[in-house]
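The structure displayed is predicted, hence computed values, not measured ones. We use all heavy atoms of the structure for the numbers below, so side chains are in, but hydrogens, waters and symmetry mates are not.
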Protein chains: 2
Amino acid sequence: MTTDQQTPLRVALLGGGVVGGSVARQLITQADDLAQRIGRPLELVGIAVRRAGRDRSDLGVDPALFTTDAAELVTRADIVVEVIGGIEPARSLILSAMEHGASVVTANKALLAEDGPTLYAAAADHGVDLYYEGAVAGAIPILRPIRDSLAGDSIRRVIGIVNGTTNFVLDAMDSTGAGFSETVERAQALGYAEADPTADVEGFDAAAKAAILSSLAFHSRVSSADVHREGITEVSARDIAAAREMNCTVKLLAICERVEGPEGQPGISARVHPALIPLTHPLASVREAYNAVFVEADGAGDLMFYGQGAGGDPTASAVLGDIVAVARTRVTGGRGPGESAYADLPVLSIGQAITRYHVSLDVADKPGVLASVATVFATQGVSIETVRQQVVTDDHGDARAMLIIVTHAATDAALSATVTELAGLDTVNEVTSVMRVEGN
Amino acid sequence: MTTDQQTPLRVALLGGGVVGGSVARQLITQADDLAQRIGRPLELVGIAVRRAGRDRSDLGVDPALFTTDAAELVTRADIVVEVIGGIEPARSLILSAMEHGASVVTANKALLAEDGPTLYAAAADHGVDLYYEGAVAGAIPILRPIRDSLAGDSIRRVIGIVNGTTNFVLDAMDSTGAGFSETVERAQALGYAEADPTADVEGFDAAAKAAILSSLAFHSRVSSADVHREGITEVSARDIAAAREMNCTVKLLAICERVEGPEGQPGISARVHPALIPLTHPLASVREAYNAVFVEADGAGDLMFYGQGAGGDPTASAVLGDIVAVARTRVTGGRGPGESAYADLPVLSIGQAITRYHVSLDVADKPGVLASVATVFATQGVSIETVRQQVVTDDHGDARAMLIIVTHAATDAALSATVTELAGLDTVNEVTSVMRVEGN
């Protein structure tokens, strides 16, 4: 080896939490393997933490490496690993690191989804790499396959189960028949849901990931704010049972589609919402807190990527893969693939999305009801695929007539207008549930 | 754009078959997108074919591009794409291309599995890239995730369904209850099996892929000849039915494991054989001719990659992804990650593999049989997990006593010796079937 090959690449770690701790531990225990794979050793030069003094002896790291001065740390590294999360100070630290010539690895989905273009531009300006595989679906390699493996293909659609908490909750509701609130409590007790589960159950986390996936898949700029978002708090045990009757299950999906706007212009539909998918769809068998991303491409056809979407070691695995990748470009020269937003497709409104609806109506039990309901669909130009009439017993022991309707594909605007009009019919007592149907 | 950014990268295509044709078509129809993603345009400078004069107007390619002089073509390209297959002339052409400074993209699993190290060494000597995502599992991004995404992790095991023909046959046998021969005929009629299906049903194709996967996953050199190989020709309808009774299904698996040898030294087990896997394992739901690769890593946990394993457009998608990747390193400078065989682990014999057996015995229907059988297992140090006794009616209408035994994990050598000894017992009429059990 020449001297140059023996000079370590300096790694600065921002954040000493669950992911940061796992990264630090593996940088030390796997040092020999990493050096062989990169062609030069890595040296952990510091770990920025918020509070000094906490006992971190379990990491096996020299205590002198801990610092509360993150701003100083980023100025003396070849590779900066940001696993603090949140917008600030993460953004300023990443930008400063790049200004000082460091390549950056981050798992910060919120920051990338809110302000990715600022970071991508800074990376390009300073000729450094910015990698972020850990930001979406934990350990599952999904960003690199989309950015690199499918770089010669044309992606039509990405459908992801990208939030483990909501998948655990929906899967448990499906297995037990329990309601939403009690299932969330159980998930909290088991450590699958946070004390405040809002970011997960309201779909904010999944929306950030949908923004990142859409940007990469369609070579455009999509931010969290562009993503239509509906959570799972309104999903009832009755909805899950209705899905079962249709040989479907309910999943919270992050959907990124290449679509045509009203005048045929290309655009992107990016949305997060619960939806029915058929039990025969590969995503239906993704159980518990697992994640999976289903990709439909013109050449490759259907692909699925499956694995653990969260947790210290899985996310650290993705972060370490990125560390090796940016270290390799330091050794060989050149730069890894940067941002690509050349297609610059607009994000269409949710009303322009093409989808299917599953609508349950509590209706008057008298002749002519179906005719009046069907007329509303026809007026809105929405075609009906199936109608089922059934009598159910409500909570008071009274018999109620139900109409369960599944539509063909139509714009969400037309479907939404149909539901609004149905709710106003004299013959409709209540629109019991409305869910989209995906994955056909 | 500067002049340099407008100068096209010259692409030479070796092979004008199904994959080559799809690559050529997409180089032309997607030229603008590819140029944007790479930063420079690609120019198809020639397509080497075996015979001139065949009508290839469907490709939309200038007829002047076709040549039968592949040796000349590879001297005037920046990127050479080899989709001829086979050992020669593919190897000589690839080596010549590298000598002339070209990076190479190939989908040639047979060549890589037989003589990969020669190609990797040539790529390193000449400072060019050698990419081959299309060689394993068609469109499914699996080599890049193993090589790049998991580069900071430690892979324990790779289990792949990497041959579409055999998966189609086994899946059809499972669904219909039909035997092997008639199912192969049906697969041939549907285009899922070749007229001579030997390479698929005898496991040669899967063994080449297992060699490539093992080499990458364990940073060692594994060739086809190192891979223990058993095909599916002996799998009977009765085996499939027996699997069902155990809530399992039969799959042809390519298994690459990091194992310990008899003295605790690290090694690799690389093998291809039919095996029972539980219906609850994600690989069990891989139907028809689909492929999937299941990866177990220390950090990432369990991952699965699923998609189409063959076909012109899917394989072309993988090839085009590689073309973009090697073109990008031409634009940015540097080199992509090369071969890494630093771990240099030995491949252990099949006898040293740790596995489980499912054994069906046709036994005499008298007292003491189970005792004599159990004694054989005990003598060989093989622990029994379950025993089931049942009486079945054979083809002649006679009742036969059967013992179905599933073992705990043991070395294949001990299991194999056990079966040999069982076959010699007076109380055993016949060892009806022996299959390994994987994926627990």
Pairs of heavy atoms under 4.5 Å with chain B: top-ranked of D322(A), V319(A), D302(A): D302(A)

Report the C-alpha distance between I140(B) and L303(A) in whole Å, list the side-chain angles of each, state the deciding distance to 0.1 Å, and finish with yes or no for side-chain contact (heavy atoms from CB on, under 4.5 Å). CA-CA 7 Å; I140(B) 307 173; L303(A) 302 170; 4.2 Å; yes

When the 4.5 angstrom heavy-atom criterion is applied to Q30(B) and chain A, the contacting part is side chain

Looking at L143(B), I38(B), D313(B), which makes the most heavy-atom pairs under 4.5 Å with chain A? D313(B)

Proximity breakdown for L150(A) and chain B, heavy-atom pairs closer than 4.5 Å: both

Within-4.5 Å side-chain heavy-atom neighbours: D33(B) and S154(A): no

Under 3.5 Å, is there a donor-acceptor pair between the side chain of R328(B) and the main chain of P337(A)? no

For the residue pair S285(A) and P282(B), establish whether any side-chain heavy-atom pair is separated by less than 4.5 Å. no

Under a 4.5 Å heavy-atom cutoff, which of R335(B), H219(B), E133(B) has the most pairs with chain A? H219(B)

Walk me through whether M304(B) and F305(A) qualify under side-chain contact (heavy atoms from CB on, under 4.5 Å). CA-CA 6 Å; M304(B) 192 170 81; F305(A) 304 80; over 6 Å; no

So does R287(B) have more than 12 non-hydrogen atoms from other groups sitting under 6.0 Å from CZ? no

Using distance alone, with no hydrogens and no angle criterion, decide if S149(A) and R144(B) have a side-chain donor and acceptor under 3.5 Å apart. yes

Flag yes if more than 12 heavy atoms outside R10(B) fall under 6.0 Å of its CZ atom; otherwise flag no. yes

Working to the nearest 0.5 angstrom, can you tell me the gap between Q26(A) CD and D153(B) CG? 6.5 Å

Most contacts with chain A, counted as non-hydrogen pairs under 4.5 angstrom, among L34(B), V23(B), D148(B): D148(B)

Please determine, among R147(A), R37(A), Q308(A), the option with the most heavy-atom pairs under 4.5 Å with chain B. R37(A)

Counting heavy-atom pairs under 4.5 Å to chain B, which of A300(A), G321(A), A297(A) comes out on top? A300(A)

Which bit of Y131(B) comes within less than 4.5 Å of chain A, counting heavy atoms only: side chain, backbone, both or neither? neither

Below 4.5 Å, heavy-atom pairs only: which of G301(A), A151(A), G333(A), A316(A) has the largest tally toward chain B? A151(A)

Please indicate whether D32(A) has more than 12 foreign heavy atoms, meaning atoms of other residues, nucleotides or ligands, lying under 6.0 Å from its CG. no

Flag the one option from A139(B), S317(B), G307(B) with the top tally of heavy-atom pairs under 4.5 Å to chain A. S317(B)

